[in-house]
Amino acid sequence: MPSLSVTMPDLNRLPALELLAGLATPLWLARAEDGGVVWLNGTARALFGPEAVGGSLRIEPAGPAVATAGTKTERAVIVRGADGPPLALTARIGPVPDCGLILVEATADSADLKAQALELAAANRRKSEYVHHLSHELRTPLTAVIGFAEILRDRLLGPPDSPRYGEAAAQIVAAGDYMLELINNLLDLARIEAGRLDLHEEECPPALIVDATLSMMADRAERSGVTLSARLPDDLPVLWADPSLVRQMLTNLVGNALKFTAAGGHVTVWAECDADGGLVLAVADDGRGMPPDRIPQALTAFAQLHDPAHDPMTVAQHGSGLGLPLTAALVELHGGRIAVDSAPGCGTTVRLRFPPERVVG
């Protein structure tokens, strides 16, 4: 097998590369046994950018079987690098005679592949930024847990019966609750994306779920100085859904509304049947709101809407940034959709619409 370099292929051994290098079709030359890319033309290189090409590219899946066929085989493959997101595409794969290499030729338009590569790269950057933010989100409450636990262990607040020890214990519980909520949201989102979150469906009276949600959030609303109320019609039909997930959606929305509503404000949960027979559950607040052009960002996982450097709110108040994306994923899992209306200084209304087939009676 010839030894080829990604940056300096052996054109004397494989003179066809000189012709392939200038083609507009993305092309890769890879080892048949493991898919390791040993050469790529300029069009393929442009899909990843110079920073990604320097790593080790690999075609998956690969294998000697494709190199034994007499003609090219079309199939789905992934071009994966050491850095950056993988690129999924449909390609024609054929053997290069007498050298144990395969030629991989993309069948899609290079502009479409470039757009896909840019989108994946942007998503990868968002995830990296989110991991950085997440590490801070976990480190802050964990530091509080360790610090207050040391206070309790070493009795640094005076006699054992001092009420200040109770306050320290309460801080530990609050920090632990926050970390547990964050981890549960991450796990739920991962299960949804992997298609492994099952619905345990039954008849769900929306009024009971709203009452349970408001009861659970009442203390938080009182501490925030925000009035929390519900407005539900008496003839509201029953939902066929997973009650625990419906309550989780409402809890996420009410929690967000309380977070961004100042003392003296109002948060209202309401419901209605729409003209098509579907059911809408909504949470409205008269808080700070956000620009309409930033709503898609708020619905995207691994993205943060508020900038702590220019925002008077604390990082702890910002939260993990998963509540709204997780809620959107959960309602879509029920065949529904989410809609957000907001404007700076005018509050935010988030509607969860469940389709008519989930409305009972």
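All values reported here derive from a predicted model rather than from experimental measurement.
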Enquirer: Provide the closest heavy-atom pair for Gly265 versus Asp286 in the form atom of the first, atom of the second, distance.
Expert: CA-OD1, 3.5 Å
Enquirer: According to side-chain contact (heavy atoms from CB on, under 4.5 Å), who are the partners of Glu105, at least two apart in sequence or on a separate chain?
Expert: Thr25, Leu27, Lys72, Arg92
Enquirer: Determine, using the 4.5 Å side-chain heavy-atom cutoff (strictly less than), whether Phe148 and Ile146 are members of one ILVMFWY cluster.
Expert: yes
Enquirer: Between Leu142 and Leu152, is there shared hydrophobic-cluster membership here, with clusters defined by ILVMFWY side-chain heavy atoms closer than 4.5 Å?
Expert: yes
Enquirer: Can you name the residues that form a salt bridge (charged side-chain N to carboxylate O under 4.0 Å, His left out) with Asp188, not counting sequence neighbours?
Expert: Arg191
Enquirer: Could you work out, with salt bridge (charged side-chain N to carboxylate O under 4.0 Å, His left out) as the rule, every residue matching Asp177, not counting sequence neighbours?
Expert: none
Enquirer: Which other residues belong to the hydrophobic cluster containing Ile183, where Ile, Leu, Val, Met, Phe, Trp and Tyr are joined when side-chain heavy atoms lie under 4.5 Å apart, directly or via other members?
Expert: Leu187
Enquirer: Hey, does Arg31 have a side-chain heavy atom less than 4.5 Å from the side chain of Leu101?
Expert: yes
Enquirer: Hey, are the side chains of Pro233 and Leu236 touching, using non-hydrogen atoms and a 4.5 Å cut-off?
Expert: yes
Enquirer: What donor-acceptor contacts under 3.5 angstrom involve side-chain atoms of residues 325-335, with partners at least two apart or in another chain?
Expert:
| unit_1 | atom_1 | unit_2 | atom_2 | d |
| --- | --- | --- | --- | --- |
| Thr327 | OG1 | Asn252 | ND2 | 3.3 |
| Thr327 | OG1 | Gly323 | O | 2.8 |
| His334 | ND1 | Leu330 | O | 2.9 |
| His334 | NE2 | Asp242 | N | 3.2 |

Enquirer: Could you see if Leu258 belongs to whatever hydrophobic cluster contains Trp270? Use Ile, Leu, Val, Met, Phe, Trp, Tyr and a side-chain cutoff under 4.5 Å.
Expert: no
Enquirer: Let me check something: do Leu199 and Leu197 share a hydrophobic cluster, defined by ILVMFWY side-chain heavy atoms less than 4.5 Å apart, either directly or through other members?
Expert: yes
Enquirer: Other than Val238, which residues form its hydrophobic cluster under the rule that side-chain heavy atoms must be closer than 4.5 Å?
Expert: Trp240, Val360
Enquirer: Quick one: list whatever passes side-chain contact (heavy atoms from CB on, under 4.5 Å) with Thr227, sequence neighbours left out.
Expert: His266
Enquirer: Quick one: list whatever passes side-chain hydrogen bond (donor to acceptor under 3.5 Å, both in side chains) with Ser342, sequence neighbours left out.
Expert: Thr348
Enquirer: Return a table of donor-acceptor pairs under 3.5 angstrom between the side chains of residues 207-222 and protein atoms on other chains or two or more places apart.
Expert:
| unit_1 | atom_1 | unit_2 | atom_2 | d |
| --- | --- | --- | --- | --- |
| Thr213 | OG1 | Ile209 | O | 2.8 |
| Ser215 | OG | Asp211 | O | 2.9 |

Enquirer: Give the other cluster members for Val173, using side-chain heavy-atom distances under 4.5 Å between Ile, Leu, Val, Met, Phe, Trp and Tyr residues; answer none if it is isolated.
Expert: none
Enquirer: In chain order, what residues pass the side-chain contact (heavy atoms from CB on, under 4.5 Å) check against Val359, with sequence neighbours excluded?
Expert: Pro237, Leu279
Enquirer: Determine whether Leu40 and Val79 make a side-chain contact, defined as any pair of heavy atoms from C-beta on separated by less than 4.5 Å.
Expert: no
Enquirer: Sequence neighbours excluded, which residues qualify as side-chain contact (heavy atoms from CB on, under 4.5 Å) partners of Asp274?
Expert: Asp276, Val280, Arg353
